[in-house]
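Just so you know, residue 1 is the first one in the sequence shown, and it goes up from there. Quantities reported herein were computed from a predicted structural model and do not represent experimental measurements.
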Amino acid sequence: MAPTSFRDEVKDAVTPRATLLVIGVVALHLLFIASYVGALHDPKPKDVPFGVVAPQAAAQQAVTRLERLPGKPLDPRAVADPATARKQIMNREIDGALVIDPTGTTDTLLVATGGGKVLATTLETLTATLEKSEGRTARVVDVAPADTQDANGLSSFYVTVGWCVGGYLCASIMTISSGAGRSTPRRAVIRLAAMALVAVVGGLGGALIVGPVLDALPGSLLAFWGLGALIIFAVGAATLAFQGVFGLAGIGLVILLVVILGNPSAGGALPPPLLPTFWKDIGPALPPGAGTWSARSIAYFKGNDMTGSLLVLSAWAVAGVAITLLAAALRTGRGERGEDLPPRTP
């Protein structure tokens with residue numbers, strides 16, 4: 001055999017497909033850095049829903065004063081009484097409230113560390129600075145305290161990320177093992193059924209780990225199980241859908257949406273009011289954000305304000321199933337034979 005030149009060796013070793021894959025990986029890791037650093041490097045409160053409890057005239061004056069703070073960190077509104085403020089915090093309508101004592105110089109700040117310790121600390125710092133400038137002080141009352149085993153209130157985020165990873169990894173393995181482009185309607189149904197089984201098992205496993213095993217999160221085991229199963233299936237079905245439409249490149253798209261964009265915007269390390277506008281806006285529409293919000297609601301807010309997040313996860317699941325089946329049907333209709341179709345007779 002004639003010796004090959006270095007140029008020929010390079011052409012043989014670095015195929016056009018390999019080149020495209022490397023370019024894709026480089027692009028994904030740069031996007032990863034840009035997304036995470038962009039979302040988390042400089043947390044600033046912006047339009048945090050915040051209640052003010054005081055006699056009518058004093059309440060309006062306080063609201064006006066808070067509205068004029070530089071950078072608009074708070075979105076203040078007058079609240080009738082402390083009980084209503086507590087209820088609104090538990091319903092996740094507001095993230096904190098200042099109860100002003102008109103007869104003294106000590107007010108009360110209501111926070112909820114279960115919704116994110118970083119946000120609660122930010123409200124404490126902001127309020128302390130404000131109160132000091134007026135010769136007043138504020139005592140802090142935690143309306144929905146994070147569990148002592150839930151360091152920094154991040155367990156809800158971590159379990160959600162774990163469920164998301166389980167969803168896209170299992171779906172990816174199922175398609176890669178037999179070829180992403182070889183799906184038929186029958187095989188698509190089998191993969192979706194397998195994904196549902198994985199979701200049930202993985203959801204229960206995650207719920208047991210954060211509940212009875214590690215005691216990291218309070219809340220209903222059944223509720224966490226159901227949430228985990230929904231997250232895993234939603235992400236898994238979406239992965240199958242992307243792979244059905246785009247082939248192996250669909251894995252990269254799922255990583256882009258779920259990991260690169262979804263994780264930093266989920267409200268885990270930084271709750272939504274502390275995120276830049278772009279990440280704050282997209283977070284609730286992506287599985288990590290919807291899952292983290294729901295997990296925190298189950299753990300610390302009696303399951304309140306979960307409907308929107310559950311609808312988001314359900315939409316991902318339904319769309320994933322529909323697109324997966326449609327892509328398989330269209331591919332079969334174009335004459336692309338899958339591995340479970342019998343060979344044609346001559």
Side-chain angles (χ1 to χ4, degrees), residues 155-214 216-217 219-248 250-251 253-255 257-259 262-263 286-292 294-295 298 306 309-329 331-332 338-341:
S155 296
S156 300
F157 170 64
Y158 290 141
V159 70
T160 298
V161 169
W163 281 326
C164 289
V165 169
Y168 70 72
L169 281 184
C170 287
S172 298
I173 289 170
M174 280 193 288
T175 54
I176 290 173
S177 62
S178 59
R182 304 175 67 187
S183 183
T184 64
R186 182 185 299 174
R187 182 164 292 274
V189 170
I190 292 172
R191 287 172 175 167
L192 288 168
M195 198 68 248
L197 178 61
V198 168
V200 171
V201 175
L204 176 59
L208 288 172
I209 290 171
V210 299
V213 175
L214 298 179
L217 287 175
S220 165
L221 175 66
L222 288 177
F224 276 118
W225 182 6
L227 175 63
L230 178 57
I231 292 172
I232 293 171
F233 185 76
V235 174
T239 303
L240 292 174
F242 275 105
Q243 291 175 336
V245 175
F246 300 104
L248 289 177
I251 298 176
L253 292 175
V254 171
I255 292 174
L257 288 173
V258 175
V259 179
N263 285 355
L286 298 174
T292 299
S294 297
I298 292 172
M306 286 176 55
S309 296
L310 293 179
L311 287 175
V312 167
L313 292 169
S314 299
W316 277 84
V318 171
V321 170
I323 295 173
T324 298
L325 296 176
L326 180 61
R331 180 164 295 175
T332 302
E339 63 267 41
D340 57 349
L341 290 180

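By the side chain to side chain contact (heavy atoms under 4.5 Å, CB included) test, I251 pairs with S172, I176, Q243, L248, I255, sequence neighbours left out. Applying the side chain to side chain contact (heavy atoms under 4.5 Å, CB included) rule to A223 yields the partners S220, I298; only residues at least two apart in sequence or on another chain are considered. Listed by chain and number, the residues in a side chain to side chain contact (heavy atoms under 4.5 Å, CB included) with S309 are A290, W293, S294 (sequence neighbours excluded). In terms of the side chain to side chain contact (heavy atoms under 4.5 Å, CB included) criterion, residue partners of V189 (sequence neighbours excluded) are, by chain and number, L325.
Only one option out of I232, I231, T292, V159 pairs with C164 in a side chain to side chain contact (heavy atoms under 4.5 Å, CB included); it is I231.
Heavy-atom minimum distance, M195 versus G236: SD-CA, 3.7 Å. Taking every heavy atom of both residues into account, W225 and V200 meet most closely at NE1-O, 2.9 Å. A pairwise comparison of heavy atoms in F224 and L217 identifies CZ-CD1, 3.9 Å as the closest pair. Between L227 and G291 the shortest heavy-atom distance is CD2-O, 3.9 Å. Shown here for M174 and R191, the closest heavy-atom pair between the two residues is CE-O, 3.6 Å.
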Side-chain donor-acceptor pairs under 3.5 Å in residues 311-320, sequence neighbours left out?
residue, atom, partner, partner atom, Å
S314, OG, L310, O, 2.8
W316, NE1, A285, O, 2.9

With a cut-off of 3.5 Å and sequence neighbours excluded, list every side-chain donor-acceptor pair involving residues 201-211.
none

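Counting heavy atoms from C-beta outward, F233 and V321 have side chains that approach closer than 4.5 Å.
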